[in-house]
Amino acid sequence: MPHRTAPPFRADHVGSLLRPPEVLQAREDAAAGRISAEERRAIEDQAIAEVVKMQEDIGLQSATDGEFRRRFWHMDFIYQLGGIHPGEDTLKIDFRGEQGELSVETPALVIDERISLPEPIFADHFTALASMTTTATPKLTIPSPSMVHYRGGPASLDRDVYPDMDQFWDDLSAAYAQQVAAMGELGCSYLQFDDTSLAYLNDPEQRALLTARGDDAEHQHLRYIRQINAALADKPEGMSVTTHMCRGNYRSAWAAEGSYDFVAEAVFNELAVDGFFLEYDDERSGGFEPLRFVPPGKMVVLGLVTTKRPALERKDVLKRRIEEAARYVPLDQLCLSPQCGFSSTVEGNLLTYDDEVAKLRLIVEVAGEVWG
């Protein structure tokens with residue numbers, strides 16, 4: 001089977017990695033004024049250089065900075081869009097996992113000016129990462145445009161600024177299109193739109209919450225597809241774009257459940273990305289049947305290795321599940337990855353660095369044995 005030279009790769013990963021203790025301490029020290037922003041960045045740079053080397057040493061063809069400079073996988077980006085800022089109210093997100101129920105609170109979004117892109121977001125993150133890679137393709141992960149709407153909802157919008165929702169969507173996609181172009185100019189050839197909304201919409205409970213706040217939950221995914229496509233309409237030549245569809249990831253817990261059936265036909269056929277990172281680590285994500293809608297040429301990265309538990313998966317089980325998926329989409333269109341990031345928030349999931357490395361190494365080994 002041909003070796004892949006363009007993303008996504010046969011062995012890949014979602015993006016976030018467990019923050020080392022020195023990075024967590026530097027964040028705390030900088031917030032308390034004990035060290036400067038420059039000193040904090042130097043500590044992060046050293047940690048990122050080391051984790052990039054780890055990714056390359058175990059044989060991954062892509063490398064991220066582990067999102068070491070962020071607190072949240074999405075809000076650090078969204079708050080840098082022009083017109084959006086944290087409000088006084090808080091947004092509570094409920095999670096559940098093997099350790100029970102828990103929740104996380106973030107400031108609610110407020111959109112009280114026209115959305116814009118004052119400057120490229122995470123440009124310095126990407127250029128630093130690119131300077132540290134030697135054999136791997138540097139990969140930048142950002143939240144999809146959908147996340148601005150899903151996290152904020154209609155209540156986040158100042159209706160004097162956006163009396164017409166179409167104008168909101170036009171401005172949002174335009175800002176993202178500028179971001180995509182700017183990353184292309186910096187040499188980014190691997191960009192990922194992380195999107196919990198498209199996975200959450202498979203859960204009837206999540207659709208009920210959207211309906212209660214005034215959204216058209218039954219058709220929301222179609223709007224999201226249109227807006228992501230608008231953001232990617234002028235994607236730079238040579239840039240591969242993937243999306244990761246996640247049901248929530250906070251301290252090994254999740255927020256939603258449900259197979260991909262509700263969104264599969266539209267998302268797989270209409271979303272203008274090169275590949276889909278899909279959670280498939282347990283029964284929460286349903287079966288592989290929705291993959292029958294994946295058209296030729298689109299890649300599916302099977303998230304069969306969980307980041308929520310430290311136990312290492314068995315190779316024979318992973319290979320059998322890849323064979324099962326190949327009943328619905330050709331094996332040549334499949335890849336392998338963890339089901340999600342290891343640390344979507346600064347707290348990280350409930351496993352160790354050694355567990356993380358073992359899982360990434362397992363993915364590389366299994367991919368080599370399956371695809372050659």
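Within the 4.5 Å cutoff, side-chain heavy atoms of Ser285 are placed close to those of Arg247. Proximity of Gln206 to Ser197: side-chain heavy atoms (C-beta onward) are nowhere separated by under 4.5 Å. Taking 4.5 Å as the limit, some side-chain heavy atom of Leu140 sits within range of a side-chain heavy atom of Met183. A heavy-atom distance below 4.5 Å is not found between the side chains of Asp94 and Arg96. A 4.5 Å side-chain heavy-atom check between Phe276 and Tyr260 finds every atom pair outside the cut-off. Between Trp371 and Leu336 the shortest side-chain heavy-atom distance falls below 4.5 Å. The shortest distance between side-chain heavy atoms of Leu271 and Thr243 falls below 4.5 Å. In this structure, the side chains of Val263 and Met245 come closer than 4.5 Å at one or more pairs of heavy atoms.
The two residues Thr307 and Ser252 have their closest heavy-atom pair at O-OG, 4.4 Å. Shortest non-hydrogen contact noted between Met299 and Pro8 is CB-CG, 3.7 Å. Residues Leu109 and Met75 come closest through the heavy atom pair CD2-CE, 3.4 Å. Nearest heavy atom pair, residue Asp355 against residue Pro310, reads OD2-CB, 3.3 Å. Of all non-hydrogen atoms in Gln227 and Arg223, the two that sit nearest each other are OE1-NH1, 2.8 Å.
Using a cut-off of 4.0 Å between Lys/Arg side-chain N and Asp/Glu carboxylate O, Glu347 and Arg251 are scored as not salt-bridged. The residues Arg114 and Asp170 are annotated as not salt-bridged, no charged nitrogen and carboxylate oxygen being separated by less than 4.0 angstrom. Residues Asp274 and Lys235 are paired through a salt bridge, judged by an N-O separation under 4.0 Å between the basic side chain and the carboxylate.
Linking ILVMFWY residues whenever their side-chain heavy atoms come closer than 4.5 Å, directly or via other members, places Met147 and Val273 in the same cluster. Residues Phe95 and Val14 fall into different hydrophobic clusters, defined by Ile, Leu, Val, Met, Phe, Trp and Tyr side chains chained together at heavy-atom separations under 4.5 Å.
The ring-ring contact (aromatic ring centres under 6.0 Å, His included) with Phe77 is formed by just one residue from the set Phe193, Phe72, Tyr176; it is Tyr176.
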For Asp194 and Cys246, run side chain to side chain contact (heavy atoms under 4.5 Å, CB included): C-alpha distance rounded to whole Å, both residues' side-chain angles, the deciding distance at 0.1 Å, then the answer. CA-CA 8 Å; Asp194 289 322; Cys246 168; over 6 Å; no
Decide side chain to side chain contact (heavy atoms under 4.5 Å, CB included) for Asp124 and Arg41; before the verdict, give the C-alpha distance in whole Å, the side-chain angles of both, and the deciding distance to 0.1 Å. CA-CA 11 Å; Asp124 56 338; Arg41 186 175 184 88; 3.4 Å; yes
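Ring centroids of Phe342 and His13 are separated by 6.0 Å or more, keeping the two rings apart. Ring centroid separation for the pair Phe268 and Phe293 does not come in under the 6.0 Å cut-off.
In this pair, Tyr280 and Phe288 present their aromatic rings tilted. The plane angle is within the 30 to 60° band. Ring orientation note: the planes of His149 and Trp169 are tilted relative to one another, at an angle of 30° to 60°. Ring geometry, Phe277 versus His244: the interplanar angle exceeds 60°, so the pair is classed perpendicular (tilted spans 30 to 60°).
Partners of Arg27 by side-chain contact (heavy atoms from CB on, under 4.5 Å), not counting sequence neighbours, listed by chain and number: Arg40, Arg71, Val346.
In this structure, the side chain of Asp164 engages the main chain of Asp166 through a donor-acceptor pair within 3.5 Å. With Gln179 contributing its side chain and Ile142 its backbone, the two residues share no donor-acceptor pair below 3.5 Å. Glu28 contributes no side-chain N or O that, together with a main-chain N or O of Leu24, makes up a donor-acceptor pair within less than 3.5 Å. With Ser343 contributing its side chain and Ser16 its backbone, the two residues share no donor-acceptor pair below 3.5 Å. Formation of a donor-acceptor pair under 3.5 Å by the Glu67 side chain with backbone atoms of Trp73 is not found in this model.
Relative to the six-membered ring of Tyr150, Arg213 meets both conditions, a distance below 6.0 Å and an angle of at most 45° to the axis.
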